[in-house]
There are 2 protein chains.
Amino acid sequence: MLDGMSTTEEVPVLIRRSAARDRLVGTASRLFYGEGIRGVGVDRVMAEADVARGTFYRHFDGKEDLVRAYLEGADRQIRDGVAAVAKQISSPAGFLAAVAHGIGDEVCGAGFRGCPFINAAAEYPDPQNVIHQTVLRHRAWFREVLVDAFRRLGATSHEQSADSMMALRDGTMVAGYLGDAQRARAVLLHGVTALVAAR
Amino acid sequence: MLDGMSTTEEVPVLIRRSAARDRLVGTASRLFYGEGIRGVGVDRVMAEADVARGTFYRHFDGKEDLVRAYLEGADRQIRDGVAAVAKQISSPAGFLAAVAHGIGDEVCGAGFRGCPFINAAAEYPDPQNVIHQTVLRHRAWFREVLVDAFRRLGATSHEQSADSMMALRDGTMVAGYLGDAQRARAVLLHGVTALVAAR
DNA sequence: TCCAGCATAGAACGGTCTGTCCCTTTTAGG
DNA sequence: CCTAAAAGGGACAGACCGTTCTATGCTGGA
């Protein structure tokens with residue numbers, strides 16, 4: 001668990017690394033996250049990334065593929081962060097508290113605009129859609145991380161504890177975006193503390 | 001409080017009621033909620049509502065205005081529901097429980113696709129945007145309803161209790177859409193029960 | 001009855017979006 | 001150094017989008 005390396009898989013052909021590609025994903029991440037996915041055209045992304053049209057379509061099958069790269073980048077980043085915390089903190093209680101602190105700090109950061117996955121799912125509701133499924137995969141993974149931690153903690157019902165923390169996380173993400181981030185952070189930390197204490 | 005009539009305000013000119021207008025708002029609500037706002041064009045809405053182009057633009061300033069009508073309709077509906085509950089149940093504990101049950105049932109209903117307001121905010125991130133502000137107004141109202149209830153309940157810190165319940169609500173909305181609705185419902189009911197009991 | 005106002009039908013507009021294609025220039029590896 | 005791949009820079013098509021306009025049909029109230 002927590003390897004953070006299971007969603008890789010790419011076509012065997014190809015490019016995989018390139019300055020232009022990195023610039024595209026970076027710019028797309030900034031714009032998609034900041035202004036919404038459907039609200040930003042690939043023209044905009046290409047222009048701000050200083051990448052020509054042909055180059056874009058050599059690296060990506062189309063916009064959806066770029067969106068997928070954006071979300072998978074965010075996913076990778078979060079998995080790496082969680083893995084780093086897990087490596088550093090062995091106790092499940094400490095791990096959960098650290099994760100909560102990480103989220104709390106995130107929602108209070110400048111430019112926080114909600115959870116990229118929740119937001120993406122709002123724009124791609126079709127369960128069959130690749131992007132929607134990317135969101136579901138990320139969420140399933142994170143839930144499993146929490147279930148595992150509460151199991152190691154010896155919680156009477158790991159699943160319910162994990163779901164409660166998941167709800168607190170999601171609620172904090174929403175409130176951090178559409179309400180008072182400081183209060184949202186406090187609610188999350190307080191709630192997770194209670195969950196861990198209650199076991 | 002709970003009057004449910006404070007966000008009305010329309011141009012004094014005008015139409016306000018008409019079969020065509022009602023059909024437009026109804027169709028738009030169904031499509032915007034089910035497929036996302038930016039993913040649905042006004043062409044589609046007009047076609048499925050069997051309303052001509054000119055008629056649409058006589059009733060609405062443009063797409064944004066239609067989106068506003070969609071969200072204000074949802075807002076009105078929720079305010080009416082909350083007002084009905086408040087009228088029926090006098091005790092604050094019973095009121096909060098009833099609200100939680102209402103939300104829990106909602107997320108378990110067929111065709112639930114998340115909170116219309118959270119979803120709309122994901123598509124319209126600009127705080128200056130009319131639609132974004134409509135979302136914020138709805139959320140501010142609902143939070144105030146909760147704060148008031150917890151105050152009447154005699155909670156030591158009304159605000160924190162209200163924010164906790166708000167986080168649970170938001171988390172349940174997200175999880176009901178992107179996870180297991182039954183589990184989300186259980187988490188919400190359990191959490192609100194605890195909040196009310198803890199006072 | 002007549003007419004004002006609302007609804008309809010349909011064409012047309014400019015703009016933007018995704019995606020394809022072509023050609024030239026730059027870059028990097030053998 | 002030479003060549004093949006990558007990147008740049010456009011032009012372009014086709015679709016859709018939101019919007020405006022005109023001409024016409026329908027209906028309810030004075």
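Every chain is numbered from 1 and lettered A, B, ... according to where its sequence line falls, protein lines coming before strand lines.
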Output all residues satisfying side chain to side chain contact (heavy atoms under 4.5 Å, CB included) with Ser29(A), sequence neighbours left out; order by chain, then residue number.
->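 With sequence neighbours excluded, Ser29(A) shows a side chain to side chain contact (heavy atoms under 4.5 Å, CB included) to Val25(A), Tyr70(A), given in chain and number order.
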
Five-pair end axes of the helix from dT1(C)-dA30(D) to dG30(C)-dC1(D) and the angle they enclose, rounded to 10° =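 The end-segment axes of the helix from dT1(C)-dA30(D) to dG30(C)-dC1(D) are tilted 10° relative to each other.
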
Salt-bridge contact Asp80(A)-Arg76(A) (side-chain N to carboxylate O under 4.0 Å) =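 Arg76(A) and Asp80(A): not salt-bridged.
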
Are Phe112(B) and Leu31(B) linked, directly or through other ILVMFWY residues, by side chains that come within less than 4.5 angstrom of each other?
->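 Cluster IDs for Phe112(B) and Leu31(B) match.
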
Linking I/L/V/M/F/W/Y whenever any side-chain heavy atoms sit under 4.5 Å apart, do Val196(A) and Met165(A) land together?
->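 Linked within one cluster.
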
Is Leu71(B) close to Asp75(B) at the side-chain level, that is, under 4.5 Å between some pair of heavy atoms?
->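 The answer is no; the side chains never approach within 4.5 Å.
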
Whole-Å gap separating [atom2] ([N]) and [atom1] ([X]):
X        : N       : atom1 : atom2 : result
Arg38(B) : dC16(D) : CZ    : C1'   : 15 Å
Leu31(B) : dC17(D) : CG    : C1'   : 16 Å
Arg23(A) : dA7(D)  : CZ    : P     : 8 Å
Glu64(B) : dC17(D) : CD    : P     : 16 Å
Leu66(A) : dT18(C) : CG    : C1'   : 12 Å
Asp22(A) : dA6(D)  : CG    : P     : 15 Å

Is there a residue in residues 42-49 of chain A whose heavy atoms reach under 4.0 Å of DNA chain C, and which residues are they?
->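 Val42(A), Asp43(A) - these, ordered by number, are the residues of the stretch whose heavy atoms sit under 4.0 Å from the strand.
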
Measure from the side-chain N and O atoms of [X] to the backbone N and O of [Y], and report whether any donor-acceptor pair falls under 3.5 Å.
X         : Y         : value
Arg23(B)  : Asp50(B)  : yes
Glu123(A) : Gly36(A)  : no
Tyr33(A)  : Arg113(A) : yes

Tell me whether the OP1 or OP2 atom of [N] has a side-chain N or O from [X] closer than 4.0 Å.
X        : N      : result
His59(A) : dA6(D) : no
Thr55(B) : dT8(C) : yes
Ser18(B) : dC6(C) : no

Can you list every ring pair (Phe, Tyr, Trp, His ring centres under 6.0 Å) pair that touches residues 161-183 of chain B, not counting sequence neighbours?
->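 Of all non-adjacent pairs touching residues 161-183 of chain B, those that pass ring pair (Phe, Tyr, Trp, His ring centres under 6.0 Å) are His132(A)-Tyr177(B).
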
Mark up nucleotides 20-30 of chain C, 5' to 3', with B wherever a protein heavy atom is under 4.0 angstrom from a base atom, S wherever such an atom reaches only the sugar-phosphate, and - elsewhere.
-> B----------

For every nucleotide of nucleotides 23-29 of chain D, 5' to 3': is a protein heavy atom under 4.0 Å from its base (B), only from its sugar-phosphate (S), or from neither (-)?
-> -------

Report yes or no: is the cationic atom of Arg137(B) (NZ for Lys, CZ for Arg) closer than 6.0 Å to the six-membered ring centre of Phe117(B), at no more than 45° off its axis?
->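 Judged by the rule (NZ or CZ under 6.0 Å from the ring centre, within 45° of its axis), Arg137(B) is not positioned above Phe117(B).
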
Just wondering, are more than 12 heavy atoms of other shown residues or ligands nearer than 6.0 Å to NE2 in His190(B)?
->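 Open: at most 12 neighbouring heavy atoms sit under 6.0 Å from NE2 of His190(B).
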
